[in-house]
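Positions are given from 1, in the same order as the sequence printed here. All values derive from a computational prediction rather than experimental measurement.
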Amino acid sequence: MEAEKLARLRARLRQGRVDCVLLGNPFNVAWLSDYYPAIGHGPDPFAAPPVLWVGREDCWIVVAAQEESSVPQDGLLVRPYPGYSVADVPDPVGKQAEVLGQILEEESRPSRVGIEAKSLLAYLQATITVAWPDAEVVPIDGWVDSLRAVKTEEEVDRLRAACALSDLGQFRVRELARAGATEIGIFGEVQATLGRQAGRQVPVTCNVLAGERTATGGGPSARVVHEGDLVLSDVACRLDGFWGDTCTTFAVGESPAALRRVFQTVLDVLEMAKEQAKPGVIASDLDNRMRSAIERQGYRPYFHHSGHGLGVAFHEEPRIVPYSHTVLEPGMVVALEPAVYLPEQGGVRLEDVVLVKLDGAEVLTTHEKRL
């Protein structure tokens, strides 16, 4: 647990006149605790999502017993509950609530308790009201999300490493994308490459799309790559709890002239956006500049965001979207990804990750962007 993060959270709680808080948003729990559960096999029938109790003095994470050894204990107290067992009926939520109740009994009675109401099970919220019926329970959803948007130096280092691994994935896609290969075959090889490089299994999203599918999206399929196809490759991987993200588009063989113009348009918009990702810029303004630049070239604006933050989630604040009034600050890390999609012809999307700094933006990704 980074002391800087805890200090920032406690300052935010004092500002909101909140004594203690129960965090249930899995990304916020991971951000503060430095514990990143495996995500490769879906929900665990023997474990409830971890919750984090930030009391007046101590911080407790409540996890299933089989997870205890994986939790960093630097500045964090771990309170396990019985999870997997062949001798008892599985009841992870009930047992987690029971252990949480024990922690609350040890805590001096607060006046105001913060909870992430949109993330916590009602069963756990009830544990607080039973323990302290006279305490005011205050929803604090969104408080921690905004803290996560500005990275510490350690987080930036982890993001650099995750981006470098994602860059390697892009290099491998270019090597593998040849006539006769399949989208899913390329995906499998890239996933294996990144695992070997990391020395362990790493979560990977790798959307490899060929031909007309570059305009429609979706996951990798059995579609065969043909000579003259565009290939859109979106590679993101999680390393040591933090996500990198990259996207590029390239041609297998000679590409149609119309798509070469599309590629240059998207590349120019990406370069413009990287230059303008500076402190003081409002997210919606940057989004509008990117979309407007696409429109001025005669193309319909893309249907998705213009960019998004990166961290313990592969999509977090700040969001570069029309409705966001978030002001970019030094320490924010943003993936920028303009695109043009031509139905039945193909699409081009290019993405780089930048660190917003006092004097502009530092590009953290280095993958090739060449048609």
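Shown here is Phe171, whose CZ atom has no more than 12 heavy atoms of other residues, nucleotides or ligands within 6.0 Å. Around atom CZ of Arg17, no more than 12 heavy atoms belonging to other residues, nucleotides or ligands sit under 6.0 Å away. Summarising the local packing, CD of Glu175 is surrounded by more than 12 heavy atoms from other residues, nucleotides or ligands at distances under 6.0 Å. Heavy atoms from other residues, nucleotides or ligands lying under 6.0 Å from CD of Glu153 number 12 at most. Open room surrounds CZ on Phe314; 12 or fewer heavy atoms of other groups in view lie less than 6.0 Å from it. Counted within 6.0 Å of CG on Asp74, heavy atoms from surrounding residues, nucleotides or ligands total 12 or fewer; the atom is thus considered open.
Contact annotation: the side chain of Gln191 never approaches that of Cys206 to less than 4.5 Å [non-hydrogen atoms, C-beta and beyond]. Between His367 and Val235 the shortest side-chain heavy-atom distance does not fall below 4.5 Å. In this structure, the side chains of Val340 and Gln297 stay at 4.5 Å or more apart for every pair of heavy atoms. Residues Met1 and Leu32 have side chains in contact (heavy-atom distance under 4.5 Å, counting atoms from C-beta outward). Residues Ile103 and Leu77 fail the side-chain proximity criterion, which asks for heavy atoms closer than 4.5 Å. Using a 4.5 Å cut-off on side-chain heavy atoms (C-beta onward), Tyr35 and Leu76 make no contact. Using a 4.5 Å heavy-atom threshold, the side chains of Leu371 and Leu230 count as touching. Side-chain contact check for Asp245 versus His308: some heavy-atom pair is nearer than 4.5 Å.
In terms of heavy atoms, Ser233 sits closest to Val173 at OG-CG2, 3.4 Å. Of all heavy-atom pairs between Val93 and Ala48, the closest is CG2-CB, 4.1 Å. Residues Ala277 and Leu328 come closest through the heavy atom pair CA-CD1, 4.0 Å. Looking at every heavy atom in both residues, Ala179 comes nearest to His226 through CB-C, 4.3 Å. Contact detail for Phe46 and Ala64: the closest heavy-atom pair is O-CB, 4.0 Å. Taking each heavy atom of Pro133 and Val130 in turn, the nearest pair found is CD-O, 3.7 Å.
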Side chain to side chain contact (heavy atoms under 4.5 Å, CB included) evaluation trace for Glu189 with Val208: CA-CA 11 Å; Glu189 291 290 339; Val208 180; over 6 Å; no
Side chain to side chain contact (heavy atoms under 4.5 Å, CB included) between Gln102 and Arg79, worked out: CA-CA 10 Å; Gln102 295 168 2; Arg79 187 68 69 90; 3.7 Å; yes
Leu6/Cys59 under side chain to side chain contact (heavy atoms under 4.5 Å, CB included): CA gap, chis, key distance, verdict: CA-CA 9 Å; Leu6 181 58; Cys59 293; 3.6 Å; yes
Residue pair Glu4, Thr152: steps toward the side chain to side chain donor-acceptor pair (under 3.5 Å) verdict: CA-CA 8 Å; Glu4 179 183 343; Thr152 66; 5.1 Å; no
Full working for side chain to side chain donor-acceptor pair (under 3.5 Å) between Gln170 and Thr248: CA-CA 8 Å; Gln170 292 291 4; Thr248 193; 5.8 Å; no
Intermediate values then yes/no, side chain to side chain contact (heavy atoms under 4.5 Å, CB included), Met290 and Tyr302: CA-CA 10 Å; Met290 294 170 69; Tyr302 39 92; 3.4 Å; yes
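To the nearest 0.5 angstrom, Leu104 atom CG is 4.0 Å from Trp132 atom CH2. Taken from CG in Leu259 to OG1 in Thr214, the straight-line distance is 7.5 Å, to the nearest 0.5 Å. Annotation: the span from Leu176 atom CG to Thr193 atom OG1 amounts to 7.0 Å, rounded to 0.5 Å. Separating the CG atom in Asp285 from the CD atom in Gln276 is a distance of 10.0 Å, to the nearest 0.5 Å. For the atom pair Arg289 CZ and Ile282 CD1, the distance stands at 9.0 Å (nearest 0.5 Å). With values rounded to the nearest 0.5 angstrom, Trp31 atom CH2 is found 9.0 Å from Leu23 atom CG.
Although no hydrogens or angles enter the test, the distance criterion places a donor-acceptor pair under 3.5 Å between the side chain of Ser284 and the main chain of Ser324. A distance-only check finds no donor-acceptor pair linking the side chain of Asp167 to the backbone of Thr365 [under 3.5 Å]. Looking only at distances, no side-chain donor or acceptor of Arg238 sits under 3.5 Å from a matching main-chain atom of Val312. With Arg200 contributing its side chain and Ala198 its backbone, the two residues share a donor-acceptor pair below 3.5 Å. Using modelled atom types, one side-chain atom of Gln96 and one backbone atom of Pro49 make a donor-acceptor pair closer than 3.5 Å. Judged by distance alone, the side chain of Glu183 and the main-chain N or O of Ala210 form a donor-acceptor pair under 3.5 Å. Remark: the backbone N or O of Gly16 is paired with a side-chain donor or acceptor of Arg112 at under 3.5 angstrom. In this structure, the side chain of Glu68 does not engage the main chain of Pro80 through any donor-acceptor pair within 3.5 Å.
Taken together through direct or relayed side-chain contacts under 4.5 Å among Ile, Leu, Val, Met, Phe, Trp and Tyr, Leu232 and Phe187 form parts of separate hydrophobic clusters. Two different hydrophobic clusters hold Ile184 and Val204 under the rule that ILVMFWY side chains link at heavy-atom gaps under 4.5 Å. Linking ILVMFWY residues whenever their side-chain heavy atoms come closer than 4.5 Å, directly or via other members, leaves Tyr81 and Val71 in distinct clusters. No chain of hydrophobic side-chain contacts below 4.5 Å, direct or via other Ile, Leu, Val, Met, Phe, Trp or Tyr residues, connects Ile140 to Leu121. Hydrophobic clustering keeps Leu364 apart from Leu350 (ILVMFWY residues linked when any side-chain heavy atoms are closer than 4.5 Å, directly or through intermediates).
Within the structure, the side chain to side chain donor-acceptor pair (under 3.5 Å) test picks out the following pairs touching residues 46-63 (sequence neighbours left out): Trp53-Glu107, Arg56-Ser108. Residue pairs that meet the salt bridge (charged side-chain N to carboxylate O under 4.0 Å, His left out) test with at least one member in residues 339-357, sequence neighbours left out, are Asp234-Arg349, Lys274-Asp352, Glu337-Arg349, Asp352-Lys369, Lys357-Glu362.
One finds a salt bridge joining Lys151 and Glu316 here, because a Lys/Arg side-chain nitrogen approaches an Asp/Glu carboxylate oxygen to under 4.0 Å. Taking a cutoff of 4.0 Å between a charged side-chain nitrogen and a carboxylate oxygen, Glu98 and Lys95 do not qualify as a salt bridge. A salt bridge is defined here as a Lys NZ or Arg NE, NH1 or NH2 lying under 4.0 Å from an Asp or Glu carboxylate O, and Glu212 with Arg223 meets this definition.
For the pair Arg12 and Trp143, the cation sits on the ring face: its NZ or CZ lies under 6.0 Å from the ring centre, inside 45° of the axis.
The side chain to side chain contact (heavy atoms under 4.5 Å, CB included) test with Arg160 singles out one residue from Val353, Leu355, Val333, Leu239, and that residue is Leu355.
Partners of Asp34 by side-chain contact (heavy atoms from CB on, under 4.5 Å), not counting sequence neighbours, listed by chain and number: Tyr36, Pro72, Arg158.
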